[in-house]
Amino acid sequence: MNLTVALTGASGALFGRELLSALASDPRVTHVDFIPSEASLRVLAEELGIGGRSDLLAKLLPPSGDTEKFRQHSENDIGAGPASGSYPSTGMIVLPCSMGTLAGIANGMASNLIERAADVALKERRPLILCVRETPLNKIHLRNMTLAADAGATIFPVIPSYYYHPGSLEDAARQFVFRVLTHVGLSQPGAYQWKAE
Ligand SMILES: Cc1cc2nc3c(=O)[nH]c(=O)nc-3n(C[C@H](O)[C@H](O)[C@H](O)COP(=O)(O)O)c2cc1C
């Protein structure tokens, strides 16, 4: 699998980090194109104390993770692989997805690499998962989610579950990420499964 992962400037950088960690340790994933937006760098600094653009992956990934398969792109690099439909991508996950990036994707703006890669995923009929995060939602947000869903995206709000009694924020984020990955055919060994009595 060759996945494109974008982090944008919505709250929830922890969820993005858990996603990258899961992909690092999954041998089925051979390549990850990683696109952090400029705004995501600010949120990473605010929420995780991770600063700067250089060595970002090394700061985000666990020491044991396979960093070789990751390739980081600037959101301004509109000539990077994921910008083209002929590039062999399996799908794209935006986690977390800001309302700004949602708007850009839903309206086909393609004004940076994240929006363009998402546009490509939709036109090539590949999975596009938008893990949106905002609260409360205004009607523009709601309309944009409907637009994106109608175009083929999966709206996957960053809302953890509580029925498995997560022991920490990391635990809640990890289980959320496992649900996202199950959605693209990458079910994870530690994923909680509901067992009805
Ligand atoms: C600490 C912090 C938290 C933010 N949280 C959100 C959020 O949860 N949802 C959202 O849509 N925007 C949020 N924003 C605002 C976005 O970062 C801003 O709209 C930005 O322009 C989005 O750009 P991007 O989509 O290119 O990443 C937050 C900003 C900061 C600094």
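Counting starts at 1 for both ligands and their atoms, in listed order.
Contact check on Arg42 versus Glu46 returns a salt bridge, with a Lys/Arg side-chain nitrogen under 4.0 Å from an Asp/Glu carboxylate oxygen.
Across the listed options Gly104, Ser37, Ser98, Ser37 owns the non-hydrogen atom lying nearest to atom 26 (O) of ligand 1.
In this structure, atom 31 (C) of ligand 1 lies nearest to the protein heavy atom Arg42 CG, 4.0 Å. In this structure, atom 21 (O) of ligand 1 lies nearest to the protein heavy atom Ala39 CB, 4.4 Å. Counting protein heavy atoms only, atom 10 (C) of ligand 1 is closest to Glu134 OE2, 3.4 Å. Ranking protein heavy atoms by distance to atom 9 (N) of ligand 1, first place goes to Arg133 O, 2.7 Å. From the protein, the heavy atom lying nearest to atom 29 (C) of ligand 1 is Gly9 O, 3.6 Å. Of the protein's non-hydrogen atoms, Met99 N, 2.8 Å is the one closest to atom 11 (O) of ligand 1.
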* Applying side chain to side chain contact (heavy atoms under 4.5 Å, CB included), run through Asp33 and Met92 and close with a yes or a no. => CA-CA 9 Å; Asp33 287 290; Met92 178 169 180; over 6 Å; no

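Ligand 1 has no N or O atom lying under 3.5 Å from any N or O atom of Glu46, backbone or side chain. The distance criterion of under 3.5 Å between nitrogen or oxygen atoms is not met by Thr8 with respect to ligand 1. Of the polar atoms of Ser11, at least one N or O is found under 3.5 Å from an N or O of ligand 1, judged by distance alone.
For Leu57, the CG atom counts as densely surrounded, since its 6.0 Å shell holds more than 12 non-hydrogen atoms of other residues, nucleotides or ligands. The environment of Arg125 atom CZ is sparse: at most 12 non-hydrogen atoms of other residues, nucleotides or ligands sit within 6.0 angstrom.
Only the side chain of Val43 comes within contact range of ligand 1, with a heavy atom under 4.0 Å; no backbone atom does.
Counting protein heavy atoms under 4.0 angstrom from atom 23 (O) of ligand 1 gives one or more.
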